[in-house]
Protein chains: 2
Amino acid sequence: MKMHNPPHPGEVLRELCLKPLGLTVTQAARALGVSRKTLSGILNGRGGISPEMAVRLSLAFGTTAETWMNQQIQHDLWHVERRRKKLKVARLPAA
Amino acid sequence: MKMHNPPHPGEVLRELCLKPLGLTVTQAARALGVSRKTLSGILNGRGGISPEMAVRLSLAFGTTAETWMNQQIQHDLWHVERRRKKLKVARLPAA
DNA sequence: AATCAGTGTAACGTATACGGTTACAGATCG
DNA sequence: CGATCTGTAACCGTATACGTTACACTGATT
């Protein structure tokens, strides 16, 4: 039960990957093989980490794709949970 | 390093949730608050588990949304990893 | 045989997301 | 000033998620 707004993965990406290596957005985008716009959108919280992007990040930075996807999921789920009450779902008996 | 095609979450959903409770697709869709088509698509591997759907499943079956999202991610990543070679990504020094 | 519930799915619509290119404004630096 | 980096708007195409309606098929039940 996460209580606080988890940072979007882009924030983590910028702080933990770009900053330490002194990479510019332009350089990182080129390295990842995506457009500068796409990376910029992620870094500034306007876009999410797609499965393909997660694999790109894992290849470029030597991390795992799961790490990035998990962050994205935490972020996505947090937003959905906020409107959980609005979802009309019947509680079924546990299997 | 997963080697085998992970089952799509719909398969798990049908076997572990619908079957044990003797639920029809129609009944389950109604309980989840989605259309029969949407649930059918997931059950037959034509659609994925969206974050909202993951929360619906957690509410209906008393599981966690993360459980469902993780299954979806394993499935998604497996497909992307298959074409990992095609992604032109530069390897950067570890941070 | 006829009816009905359940199922998959096609056809159509909408909204959102991801990806790209181009182009522009603002900042910073030599 | 000229060069670089950045964010982002405008536009495109594609894919996904969701909905409704309608159809054909199956397997029970009557």
Side-chain angles (χ1 to χ4, degrees), chain A residues 8-11 13-15 17-19 21-60 65 68-69 71-80 82-84 86-89, chain B residues 8-11 13-15 17-60 65 68-69 71-73 75-80 82-84 86-89:
Chain A
H8 59 265
E11 202 172 323
L13 177 57
R14 193 193 292 271
E15 297 302 320
C17 297
L18 300 210
K19 283 261 180 73
L21 294 176
L23 286 172
T24 67
V25 178
T26 304
Q27 289 170 333
R30 189 188 309 268
L32 289 166
V34 300
S35 73
R36 182 168 63 87
K37 179 204 169 181
T38 295
L39 180 57
S40 175
I42 292 171
L43 291 174
N44 294 288
R46 277 179 297 102
I49 306 274
S50 66
E52 181 177 311
M53 182 60 72
V55 171
R56 287 182 189 277
L57 291 171
S58 74
L59 290 172
W68 295 105
M69 288 308 294
Q71 288 184 56
Q72 185 60 50
I73 284 159
Q74 290 304 319
H75 189 256
D76 290 345
L77 287 181
W78 185 81
H79 286 288
V80 179
R82 286 175 55 191
R83 54 197 164 93
R84 182 163 54 88
K86 314 227 178 189
L87 304 178
K88 279 161 286 182
V89 178
Chain B
H8 58 266
E11 203 173 321
L13 177 56
R14 192 193 292 270
E15 297 302 320
C17 298
L18 301 210
K19 284 260 180 75
L21 294 175
L23 286 172
T24 67
V25 178
T26 303
Q27 290 170 334
R30 190 188 306 270
L32 290 166
V34 300
S35 73
R36 182 169 64 86
K37 180 202 169 181
T38 295
L39 180 56
S40 176
I42 292 171
L43 291 174
N44 293 287
R46 276 178 300 102
I49 307 275
S50 66
E52 181 177 310
M53 181 62 71
V55 171
R56 287 182 189 278
L57 291 170
S58 73
L59 291 172
W68 294 107
M69 289 308 293
Q71 288 185 56
Q72 184 61 50
I73 283 159
H75 189 257
D76 289 345
L77 287 181
W78 186 81
H79 285 288
V80 179
R82 284 174 54 190
R83 53 197 165 95
R84 180 164 55 89
K86 314 227 178 192
L87 304 179
K88 277 163 286 181
V89 179

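Quick note on labels: first sequence line is chain A, next is B, and so on, each numbered from 1.
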For this session: Measure from the side-chain heavy atoms of B/V25 and tell me the nearest of C/dG19, D/dG19, C/dG8.
Result: C/dG8
Could you tell me how far apart [X] ([atom1]) and [N] ([atom2]) are, to the nearest whole angstrom?
X: A/Q27; N: D/dC5; atom1: CD; atom2: C1'; answer: 10 Å
X: B/M53; N: C/dT16; atom1: CE; atom2: C1'; answer: 16 Å
X: A/L39; N: C/dA17; atom1: CG; atom2: C1'; answer: 17 Å
X: B/Q72; N: D/dA17; atom1: CD; atom2: P; answer: 7 Å
X: B/K19; N: C/dT7; atom1: NZ; atom2: P; answer: 11 Å
X: A/E52; N: D/dT16; atom1: CD; atom2: C1'; answer: 15 Å
X: B/D76; N: D/dA15; atom1: CG; atom2: C1'; answer: 13 Å
X: A/L32; N: C/dG20; atom1: CG; atom2: C1'; answer: 16 Å

Problem set entry | Interface with DNA chain C, restricted to residues 40-48 of chain A and to heavy atoms under 4.0 Å | A/G47, A/G48
Side-chain N,O ([X]) to OP1/OP2 ([N]) below 4.0 Å:
X: B/T24; N: C/dA5; answer: no
X: A/T26; N: D/dT4; answer: no
X: A/R14; N: D/dG7; answer: yes

For this session: Could you encode protein contacts along nucleotides 25-30 of chain C as a string, one character per nucleotide from 5' to 3', using B for base contact, S for sugar-phosphate-only contact and - for no contact, with a heavy-atom cut-off of under 4.0 Å?
Result: ------
Exercise. For A/E52, which residues count as a side chain to side chain donor-acceptor pair (under 3.5 Å) partner, sequence neighbours excluded?
Worked result: A/R56, B/R83
Problem set entry | Contacts of A/H75 that satisfy ring pair (Phe, Tyr, Trp, His ring centres under 6.0 Å) - sequence neighbours left out | A/H79
For nucleotides 20-26 of chain D, which of its nitrogen or oxygen atoms have a protein nitrogen or oxygen under 3.5 Å away, and what is each distance?
none

Exercise. Considering only heavy atoms from C-beta outward, does the side chain of B/N44 approach that of B/R14 to under 4.5 Å?
Worked result: yes
Contacts table for residues 28-38 of chain A: side-chain donor-acceptor under 3.5 angstrom, sequence neighbours left out:
residue	atom	partner	partner atom	Å
A/S35	OG	A/T38	N	3.1
A/S35	OG	A/T38	OG1	3.0

Problem set entry | B/M69 to B/I49 - nearest heavy-atom pair and separation | SD-O, 3.8 Å
